[in-house]
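Contents: one structure, followed by commentary.
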Amino acid sequence: MSTIRVRLPDGSVREFPRGTTALAVAEAIGPRLAKAALAARIDGVVRDLTTPLEKDCDLEILTWEHPEGREVYRHTSTHVMAQAVKRLWPETKLTVGPPLENGFYYDIDTPRPITPDDFPAIEAEMRKIIEEDLPIIREEVDREWAKRFFAERGEDYKVLLIDKIPEGEPITIYRQGEFVDLCTGPHLPSTGRIKVIKLMSVAGAYWEGDQRNKQLQRLYGTSFEKQSDLDRYLKQLEEAKKRDHRKLGPELGLFTFKEEAPGFAFWLPKGYTLYRILENWSRSLQEPRGYQEVRTPWLYSSKIYETSGHWFHFRENMFTFESESQAYAVKPMNCPGHCLLFKNEVRSYRDLPLKIAEYGPLVRYEPSGTLHGLLRVRGMHQDDAHIFVREDQIEEQILEVQGIIDEIYGALGMPYTVKLATRPENYMGDPALWERAEAALAAAMEKAGIKYELNPGEGAFYGPKLEYHITDALGRTWQCATIQLDFQLPQRFDLTYVDADGQHKRPVMIHRAIMGSIERFIGILTEHFAGTFPVWLAPVQVRVLPIADRHHDYAQKILSDLKAAGFRAEADLRNEKIGYKIREAEVQKIPFMLVVGDKEAESGTVSVRRRGMKDEGSMPFAAFLDLLRREVAEKAMDEAARKATTL
RNA sequence: GCCGGUUUAGCUCAGCGGUAGAGCAACCGCCUUGUAAGCGGUAGGCCGUGGGUUCAAAUCCCACAACCGGCUCCA
């Protein structure tokens, strides 16, 4: 039979001579499709456009509109980049170069470090390679031949990579001009198909991601079909930069960092207001559920961490020192202290579940290179709690915590997904207990009707954990809330309670945090809302703007009434035009501006303007207070906040 | 911690061997102001810190620190 039947995505079936390439099929369908074609999905597998079709199949032509099409485009782009680098520095050794969501990178071992100053030369060479429109040819080769081939070319890493390919799998190489790379593909038909390229940055990266291995140069780039798409992407990056909490925090007077205390935030009055709102919100959800808040020491003898196991597992990450020949550490987490509190009294089964909450300071040594604004700090405070339970209470307690999580993330409009992190390599304790703990967490999620993924080997050393990954306005995910089940610390601290039968029994410990580090949480919220906090969170809710000096008395009266009603307000009494005052309030993202002049002072009204909106006209001051009360009580999201969180 | 980069006025940045500059903010005047920047003036800097090269260093070299982009790590 010399023809084959090809079924297209719309269900239609067309016949072609056997051996017709996917690209030829695209051409037969239409010249525009052929021009846009980047790759082909043949019976569900993404392949080169140049792949000959040998039998009846399903065929989909992939273009820029398909994520897989973009991936192929970026994958070829990274080959072009590698080729350019090899032309400029032939001694360069290649390792791996995958596509990314918005670009690509290649990890290379270069004779000297690449710097951004080299980018223009590399980009120019890339454009030349694109200009040359080199055909890209796939070849399946013999394993030994490939090893010899790459060894001769000095591509030592490629030889190592070949050894990692499982026996029996085909070894494929791709050629474009003088450049040959070990690669599974697929790729574009020729280098000329790439239109717009740009190198983005260069960074260090370890071979195989292992710190003990040699550090390579990771060269990042991106590519698009249209210049306008690149421009839009660069603009997006600019926008993201504008809502960077490290920029917004100081601008909005929330917090600042100083060289004298790396990794610690200075909370400015407005930021600390926000901080206290979040902390008190947490209290208001926990106290009715029977949590008891404590404050425990922040400096401990190393002995307590030897007991807990942290000394062995995390000594390198604690600030430790010696005093009177005794080793001490600044508290990096609350659990050991809470274990001591549990032991402070004889506990009855009637005391369980015992919920101990603490918002105290924690200090962890984070290596200097890892610090990142509020998102990675050395000094922090968690909305932390430990729940001591009987084994039969585990499920109900996890479900209760689940309720708090839903309330908090629901109010903030942040969806989450759950992962169950299981026993890591450096685990402590009896594997049988681990299995029970993992099963208990899984059962609780089943009961709550929440789907979860497994995150194998990512649990804490003392127990498995449920990780809540929340998604922010920019679509990034953050792990904030966590529920961890721990059979180990109760054992190591020899915690017991007296059960109904008079026997001493071992409690189980649930470690849980919902916002996680409040510092980090504020960093995330700042970027999520782009600083446009909804009125119930905003450090300043209202700013009163008098038109002229003669309205200052009325403005002051409005201000003091707002404060008396429990709102966070300020007045702008500077000698400036109203437009100027409004601009400043807008820049500070204050939810409500109250303009007051002759008309308002006479009639006891205020002229209301919401941030991001126009003048909304005047209303009696009492009516405005009602409006404000309602929006705060409802945790309402105003138009500007909604806009900031929906991109 | 590792690789690369950056560090000049409160902020954003220019200056890149020859006596420190701009805009915005701040302060002081004038204007008494009606919904996103009124006008004029004043003041402000051991050019991240410490060494070195040079007749001369913000500028060149070295070390350290902080920060930025990544990597590794994250109880």
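In the text below, chain A, chain B and the rest are named by the order of the sequence lines, each starting its count at 1. Computed from a predicted model, the values in this text were never measured in an experiment.
Aromatic pair A/Phe388/A/His338: ring centres not closer than 6.0 Å.
Of the C1' atoms belonging to B/G70 and B/C24, the separation is 33 Å, rounded to the nearest Å. The separation of B/U8 from B/A20, taken at their C1' atoms, amounts to 9 Å, rounded to a whole angstrom. The same atom, P, is picked in B/C16 and in B/C61; the two are 15 Å apart, to the nearest Å. Annotation: B/A26 and B/C11 have their C1' atoms spaced 11 Å apart (nearest Å). Using atom P as the reference point in both B/G45 and B/G51, the two lie 22 Å apart (nearest Å). For the P atoms, the distance from B/G52 to B/G44 is 31 Å, rounded to whole Å. If you take atom P in B/C47 and the same atom in B/U19, they sit 15 Å apart, rounded to whole Å. Rounded to the nearest Å, the gap between the P atom of B/C46 and that of B/G38 is 32 Å.
Across all strands shown, B/C16 remains unpaired; no Watson-Crick or G-U wobble contact has both distances below 3.5 Å. Of all nucleotides present, only B/A66 satisfies the Watson-Crick or G-U wobble test against B/U6, with each distance under 3.5 Å. If you check B/C11 for Watson-Crick or wobble pairing at under 3.5 angstrom, you find it paired to B/G23. For B/U54, there is no paired base (Watson-Crick or G-U wobble, both distances below 3.5 Å). With a 3.5 Å ceiling on both atom-pair distances, B/C73 lacks any Watson-Crick or G-U wobble partner.
Rounded to an integer number of Å, the gap from NE2 of A/His372 to P of B/G69 is 5 Å. What separates CD of A/Glu576 from P of B/C28 is a distance of 12 Å, to the nearest Å. Protein atom NZ of A/Lys247 is 17 Å distant from nucleotide atom P of B/G10, rounded to whole Å.
Between A/Phe461 and A/His313, the ring-plane angle classifies as parallel under the 30° and 60° cut-offs. Using the six-membered ring where Trp is involved, A/Phe321 and A/Tyr328 have ring planes that are parallel, under 30° apart on the 30 and 60° scheme. The aromatic rings of A/Tyr305 and A/His310 sit perpendicular to each other, their planes meeting at more than 60°, with 30° as the lower class boundary.
Listed pair A/Ser368 / B/G1 meets the phosphate criterion, a side-chain N or O lying under 4.0 Å from OP1 or OP2. Taking only side-chain nitrogens and oxygens, A/Arg246 comes nearer than 4.0 Å to OP1 or OP2 of B/G69. Between A/His551 and the phosphate of B/U32, there is no side-chain N or O to OP1/OP2 separation shorter than 4.0 Å. For B/A25, the OP1/OP2 oxygens have a side-chain nitrogen or oxygen of A/Tyr580 closer than 4.0 Å. Note on A/Arg315: every side-chain N or O is 4.0 Å or more away from OP1 and OP2 of B/A75. Side-chain N/O atoms of A/Arg574 include one lying less than 4.0 angstrom from OP1 or OP2 on B/A26.
Picking from B/A75, B/G5, B/C71 the nucleotide with the shortest atom distance to the side chain of A/Lys465 gives B/A75. Checking B/A75, B/G4, B/G34 against every side-chain atom of A/Pro116, the shortest atom distance belongs to B/G4. Nearest to the side-chain atoms of A/Asp549 among the listed nucleotides B/U32, B/C2, B/G70 stands B/U32. Taking the side chain of A/His310 as heavy atoms from C-beta on, and the options B/C3, B/A75, B/U35, the nearest nucleotide is B/A75.
At the heavy-atom level, A/Tyr105 lies nowhere under 4.0 Å from the strands shown. Across all strands, A/Glu600 comes closer than 4.0 Å to base atoms (heavy-atom distances). Nucleic acid contact for A/Gly579: sugar-phosphate only, since backbone atoms but no base atoms lie under 4.0 Å from a heavy atom of the residue. Counting any heavy atom pair closer than 4.0 Å across all strands shown, A/Lys614 reaches sugar-phosphate atoms only and no base atom. No contact: A/Gly309 has no heavy atom under 4.0 Å from any strand. Within 4.0 Å of A/Pro262, counting heavy atoms only, lie sugar-phosphate atoms of the nucleic acid but no base atom.
Residues A/Gln541 and A/Ile590 form no side-chain contact, since every pair of their non-hydrogen atoms from C-beta on lies 4.5 Å or further apart.
For the salt bridge (charged side-chain N to carboxylate O under 4.0 Å, His left out) with A/Asp109, the qualifying choice from A/Lys158, A/Lys93, A/Lys214, A/Lys86 is A/Lys214, the only one to do so.
One donor-acceptor pair, N or O on each side, does fall under 3.5 Å between the base of B/U35 and the side chain of A/Ser607. Scanning atom types as modelled, no donor and acceptor separated by under 3.5 angstrom connect the side chain of A/Glu259 and the base of B/A66. For A/Tyr206 against B/G1, a side-chain N or O and a base N or O form a donor-acceptor pair under 3.5 Å. For A/Arg376 against B/C73, a side-chain-to-base donor-acceptor contact under 3.5 Å is present. At a cut-off of 3.5 angstrom, counting only N and O atoms as typed in the model, there is a donor on one side and an acceptor on the other between the side-chain of A/Gln215 and the base of B/C2.
Shown here is A/Arg212, whose CZ atom has no more than 12 heavy atoms of other residues, nucleotides or ligands within 6.0 Å. The neighbour count for A/Lys419 NZ, taken as heavy atoms of other residues, nucleotides or ligands under 6.0 Å away, is above 12.
Residue side chain A/Phe314 meets the stacking definition with respect to B/A75: its ring centre sits within less than 5.5 angstrom of the base's six-membered ring centre, and the planes differ by less than 30 degrees.
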